[in-house]
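Right, one structure below, let's go through it.
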Amino acid sequence: MNLATALPVAPEVPAATLLARRIAAYGLGGPDAHNAAGSLAGQPLGQGEWSVLLGIALRERMVGLLACAVADAALATTDDQAAEAHEAHVAALCGDLIRERELIRLVGVLRGSGLDHRVLKGAAVAHLDYPDPALRSFADVDLLVRAEEWDDAIQVLREAGWERQFAEPRPGFERRFVKGMVLRRPDDGGTELDLHRTLALGPFGLTVRLEELWADCEVLRLGGVEVQALPAEERFLHACFHAVLGDRPPRLVPLRDIAQMSLRGNLDLDRVIRHARSWRAEAVLLHAVELAWETLGLDPTAEMATRVRSLSPPSREIRALGAYLSPQRSYVGLCLSAVRVIRRPADKARYVAALAFPKRDFVSPRYRGHASRWRVAVRTLRAGHRLRARRPSTTPHGR
Amino acid sequence: MSDGPDESSDCVVSEAPSGCRWVRAAGTLSRTARDTLVLLPEGGKDQTPLVVSGSAALLWELLADPITLSELAAELAAIYEVEASGIEVDLAPVLEGLHSAGAIERSP
């Protein structure tokens, strides 16, 4: 199976989005990316176009790159537009610092209870991979905890005033199967905590070898406090997961993260590929790098691009990736496709049973009524049935 | 690491001994955007970051290591090619503000 033909074709791209892509690539180098923002907008944009561009930059959390391109005069603007970009950047930085302060408190809470942590995504990448953290804003706090410490972490965070959005479908389900959980503090509506057990929803989240995420770490200092992040290669693969398995259409920021880490020259590519194989995520790595290179117009002869393009992911991975990229993608669909990669029959049964017949307090915020709940139950049981009927060699664990 | 302004929180920068050295408080979070400095000191009750414009980014750079008011003024005067005495007068209330917010502290 070929990755290019197996995945959906991208629709036509509007002009503002194209310019936003150039800004997302600002300062990276490469034939198309190098100072490309200026070549697209040598004259200031009209106010309407500018507002669209600023809106995209804010939504994509790359207002730092926009402000940088404006300050360098790589993107022509009026004085008012330049002032607007600067103000938007300062406002974004205020938000980043508030989230960073919350992150420090959260690490203290976990550490105080003897629980391990790894800072993920924005805060880690901004400090460890960008030349200036002001270039990379982030919208929430992302923390990874050990699967075996999941219940303790949730308990400790609840005692610290954080509340979960949804109840657990069945006891023990989350520490075995979930990607993570969003928590909020009702007394402080601002910051959102994305507590992770693994790196993605669905089948690719379940094939990550969690023990490898805890084997090593990279330390960063925030406000005089040491916090632990994933090592560079694991951080890079997480950016690939985020770019390809996260939002549809893919956000520009994780694509920039991929490019930023790739072109910094400190990644051990053998280790990246070894992890991707071990996590059965070569298709994710290949698609993420191709997407980043194509979207940001990067140098196709760069070592990362050439090495990764030589990969041949197994067809089962490409099929699994198709479920994430499909226009019909749904939360339930991804949960169901995850059944295929659960190894032990007892776990498979637990997973299907928890999704088909969750506890009432899990159900009520998610489904409108009994009919909706039963539709999901029927789909889940059918999926479980199909998997039992499947020939063993067609499942990821069949070999 | 401090919980905000240290034991010298009642210290007035302009009245501090001339040899008194100032340094960033270890718990202060910071970012710069061009000349603008965004700070979030540790331990503040409200979570509103401090936004300092002008040549604050450069000032923050200089406060990475302990430095006196006079030395700061001299450094900035050399960069902006103006009289150090004039800068020192302007600088004292800025340091005062940073100190009372808990963003900087007296170096031991």
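Here is how names work: the chains are called A, B, and so on, in the same order as the sequence lines, proteins then strands, and each is numbered from 1.
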What pair of heavy atoms forms the shortest contact from [X] to [Y], and how long is it?
X: A/Arg101; Y: B/Gly27; value: NH2-O, 2.8 Å
X: A/Leu222; Y: B/Leu29; value: C-CD2, 3.9 Å
X: B/Ala33; Y: A/His89; value: CB-ND1, 3.5 Å

Could you look at B/Leu39 and say if it's the side chain, the backbone, both or neither that has a heavy atom under 4.5 Å from chain A?
backbone
Honestly, the part of B/Val38 sitting under 4.5 Å from a heavy atom of chain A is both
Within a reach of under 6.0 Å around [atom1] of [X], are more than 12 heavy atoms found that belong to other residues, nucleotides or ligands?
X: A/Arg158; atom1: CZ; answer: no
X: A/Asn266; atom1: CG; answer: yes
X: B/Glu71; atom1: CD; answer: yes
X: B/Glu83; atom1: CD; answer: no

Structural part of A/Ala134 lying under 4.5 Å from a heavy atom of chain B
both
Side chain, backbone, both or neither: which part of A/Leu135 has a non-hydrogen atom closer than 4.5 Å to chain B?
neither
Quick one, A/Leu93 and B/Thr36 - any side-chain contact, counting heavy atoms below 4.5 Å?
no
Taking non-hydrogen atoms and a cut-off under 4.5 angstrom, which of residues 122-132 of chain A neighbour chain B?
A/His127, A/Asp132
Which residues pass the side chain to side chain donor-acceptor pair (under 3.5 Å) test with A/Glu159, sequence neighbours left out?
A/Gln155
I'd like to check the side-chain contact (heavy atoms from CB on, under 4.5 Å) partners of A/Ile98; sequence neighbours left out, ordered by chain and number.
A/Thr191, B/Leu40, B/Gln47, B/Pro49
For A/Leu58, check side-chain contact (heavy atoms from CB on, under 4.5 Å) against everything at least two apart and list the hits.
A/Leu54, A/Val63, A/Ala88
